[in-house]
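None of the values given here were measured: they were computed from a predicted structure.
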Amino acid sequence: MSTEENKSYLDLDNKKIGQKIYIQRKIKGLKAFDVAERLGIKEAAYTKYERGETKITIEFVRKVSEILDIDPLLLLSSSDINYFDNIHNSPILSTFHTYQSTNERQNEAILLLIENVVRMNKSIMLLLDKELQKQNK
């Protein structure tokens, strides 16, 4: 494989990833200043990442994912066309956002369901990591 072919595979789409970071930051209700401060950079430098003007690295994605408390694969793997739809049309999230009730038991059940899905996703990721490590040996 030539260097040029390999390079296109390794390059991250700064604009798409930056837009996904921006959306996740807004969903979390954080200001650009807050994220920049936690990254140890100036707000102007951080917003250049969100606009796709600065080259995004895997390490940057990892750090931002930790701050936003999201899976870094969400930023790297979702296509830009359905990314926003995946987040906002999720049956779990749409129920969570539109659910208006004072029934505490139902609220607890929904939260328990979400926690179980998160736990299951973490378990799947660990199993996939172990399998990948076996294949690399």
Residues passing the salt bridge (Lys or Arg N to Asp or Glu O under 4.0 Å) test with Glu59, sequence neighbours excluded, are Arg62
In a table with atom names and distances, give each donor-acceptor pair under 3.5 Å that connects a side chain of residues 116-124 to protein atoms at least two apart or in another chain.
residue, atom, partner, partner atom, Å
Asn116, OD1, Arg119, NH1, 2.6
Asn116, ND2, Leu112, O, 3.3
Ser123, OG, Arg119, O, 3.2

Roughly how far apart are [X] [atom1] and [Y] [atom2], rounded to 0.5 Å?
| X | Y | atom1 | atom2 | answer |
| --- | --- | --- | --- | --- |
| Lys42 | Thr47 | NZ | OG1 | 12.5 Å |
| Ile17 | Thr57 | CD1 | OG1 | 9.5 Å |
| Glu50 | Lys26 | CD | NZ | 8.5 Å |
| Gln24 | Ile67 | CD | CD1 | 13.5 Å |

Checking Lys48 side chain against Thr54 main chain: does a donor-acceptor pair fall under 3.5 Å?
no
Please check: side-chain N/O of Asn14 versus main-chain N/O of Glu53, any donor-acceptor pairing under 3.5 Å?
no
Pairs satisfying ring pair (Phe, Tyr, Trp, His ring centres under 6.0 Å), at least one member in residues 115-135, at least two apart
none
With sequence neighbours excluded, give me every ring pair (Phe, Tyr, Trp, His ring centres under 6.0 Å) pair touching residues 36-71.
Tyr49-Phe60
Quiz: residues 30-41 side-chain donor-acceptor pairs under 3.5 angstrom, not counting sequence neighbours:
residue, atom, partner, partner atom, Å
Asp34, OD2, Lys31, N, 3.3

Does some side-chain heavy atom of Lys20 sit less than 4.5 Å from a side-chain heavy atom of Leu74?
no
Mind checking side chain to side chain donor-acceptor pair (under 3.5 Å) for Ser65 and listing every partner two or more places apart, or none if nothing turns up?
none
Taking only residues two or more places apart in sequence or in another chain, which ones pass side chain to side chain donor-acceptor pair (under 3.5 Å) with Glu43?
none
Apply side-chain contact (heavy atoms from CB on, under 4.5 Å) to Leu132 and list each qualifying residue two or more places apart in sequence or on a separate chain.
Gln135, Asn136
On a heavy-atom basis, which atom in Lys28 and which in Ile70 lie closest, and how many Å separate them?
CE-CG2, 4.0 Å
What closest approach, in Å, do Ile56 and Gly18 show between heavy atoms, and which atom pair accounts for it?
CD1-N, 3.7 Å
